[in-house]
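Here's the structure, in structure tokens; my notes come after.
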2 protein chains.
Amino acid sequence: MLEGMARAVPETHGEILAAAARRFAVTGYKGTSLQDIAGAVGCSKATVLYHFANKEALLSELMAPAIAVLEALDARIAGTTGAAAQEIAGECFVDLAVRFRREIALLRGEFSDLLQQPAFAHIQQISERLITAFAGHSDRPSARIAALVVLAGIAETCAEFIDIPDDELRPALLAVVRRALEPVT
Amino acid sequence: MLEGMARAVPETHGEILAAAARRFAVTGYKGTSLQDIAGAVGCSKATVLYHFANKEALLSELMAPAIAVLEALDARIAGTTGAAAQEIAGECFVDLAVRFRREIALLRGEFSDLLQQPAFAHIQQISERLITAFAGHSDRPSARIAALVVLAGIAETCAEFIDIPDDELRPALLAVVRRALEPVT
DNA sequence: AGCATGCCTGACCGATCGGTCAGCGCCTGA
DNA sequence: TCAGGCGCTGACCGATCGGTCAGGCATGCT
């Protein structure tokens, strides 16, 4: 059974995944039909649904790595408070957003819709904790507003700048975060 | 023919417009069907299409005031440069975003899609000029990145905080803008 | 009375969506 | 040699979308 042996042909699963990632990033999740993906791969729509139980399963598998890192981020900021929380959350989130630009791009605007699905239910809580960290655990509304501006702004900006190199995007974003967040009293 | 006379019944046009604004702000443009709107008003889908040529016409009429103010903003920032451009653009845009929160909310994520339509074609150019102004007309990539973070962050935040009073949201946003934008060299 | 006009509607249309299903060809192990 | 599973497909399904259309029902003018 030599499991190291190269399997001859069947890389369709991965091809579908890659094509879906490309199409979702441009047209969004709802805006991309299974037909579109199948066409990009060069197979039939039925083949897509042979490799993935349904459209949502495709999305889940596509988002899995990003979600794993997001959960790691959540654990990382769990014990922090004040200015340290702001700094650590800023660094980690910018890193995540830059790395997973494509995954963020495909959620454009559908974020709140897709979040409703049970598969992504806990992400809502994580983003809530992220905002709290960005606000330096301050109760002041202005702190929370600044936190949301930064969070949403970074996400949108990463989705927009998909082509420029990471090394250019990351430090610029980090600088914005450090400037924009309200200093803890 | 006494044109001042109160017309007896027919306020359906306005009711449809109001209901559409409410539904769009929650479900988005693409996510809201003409059925939904008709149901909210209490009339048939055919009635909606009797008062409006098509779905896009409904959106256009809904967005008209916001677009008018946006164009005024564009004219206002036309002759500015450097730090003055940042300050004026910031004040005007925050004002616009807060006032037209609902209109912004209904574009959530569909912004880039709807922008393609000829009716909103020039908005793309306006937002381009807005980013340039936020960047203080600097060519540095980091300045443009900061500008986009601020622009997108404000829009998203306004769409999120639809309930809190203007007087609370506006100053907080202005403070973030002044902090976040990269100082002109 | 008769006619026109404005507002509204149910029925219907073609297109597209996500998803199902029976069955095809092909490779492989017994 | 042949049975069986794997990858894949075209045809099809019900639902929903935006949009059309002929006609109903008042109201008001002549």
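Just so you know, these numbers use all the heavy atoms, side chains as well, and skip hydrogens, waters and symmetry mates. Just so we're on the same page: letters track the sequence lines, and every chain starts at 1.
As rounded to whole Å, 17 Å separates atom C1' of D:dA11 from atom CG of A:Leu34. Rounded to an integer number of Å, the gap from B:Leu59 CG to D:dG18 C1' is 14 Å. As a whole-Å value, the separation of B:Lys30 NZ from C:dA15 P is 21 Å. Distance NE2 (B:His13) to C1' (C:dC8): 15 Å, rounded to an integer number of Å. The separation between B:Glu56 atom CD and D:dC17 atom C1' is 16 Å, rounded to whole Å. Remark: P of C:dG18 and CZ of A:Phe52 are 15 Å apart, rounded to the nearest angstrom. Rounded to an integer number of Å, the gap from B:Tyr50 OH to D:dC25 P is 17 Å.
Listed nucleotides: D:dG19, D:dT9, D:dG7. Nearest to the side chain of B:Lys55: D:dG19. Which of C:dG18, D:dT9, C:dC8 sits closest to the side chain of A:Thr47 comes down to D:dT9. The listed nucleotides are C:dC7, C:dT9, C:dT20; the one nearest the side chain of A:Leu49 is C:dT20. Considering only side-chain atoms of A:Asn54, the nucleotide from C:dT9, D:dC6, C:dG19 that sits closest is C:dG19. Minimum atom distance to the side chain of B:Gln35 is reached by D:dC17, of the listed D:dC17, D:dG7, C:dG19. Distance from the side chain of A:Ser44 is smallest for D:dT9 among the nucleotides D:dT20, D:dT9, D:dC8. Among the nucleotides C:dC12, D:dT9, C:dG18, the one closest to any side-chain atom of B:Lys45 is C:dC12.
Classification of B:Arg108 and B:Glu156 as a salt-bridged pair holds, one side-chain N sitting under 4.0 Å from a carboxylate O.
Each of A:Tyr29 and A:Ala46 has a nearest nucleotide on DNA chain C; the 5'-most of these lies closest to A:Tyr29.
Between A:His13 and A:Glu61, the side chains place a donor N or O and an acceptor N or O closer than 3.5 Å (distance only, hydrogens not considered).
At least one donor-acceptor pair closer than 3.5 Å links the side chain of B:Glu110 to the backbone N or O of B:Lys30.
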Donor-acceptor contacts under 3.5 Å from residues 90-98 of chain A side chains, at least two apart:
residue: A:Asp95; atom: OD1; partner: A:Arg170; partner atom: NH1; Å: 3.1

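Between A:Thr12 and the phosphate of D:dG7, there is no side-chain N or O to OP1/OP2 separation shorter than 4.0 Å.
Contact check for B:Leu73 versus B:Ile126: no side-chain heavy atoms found under the 4.5 Å cut-off.
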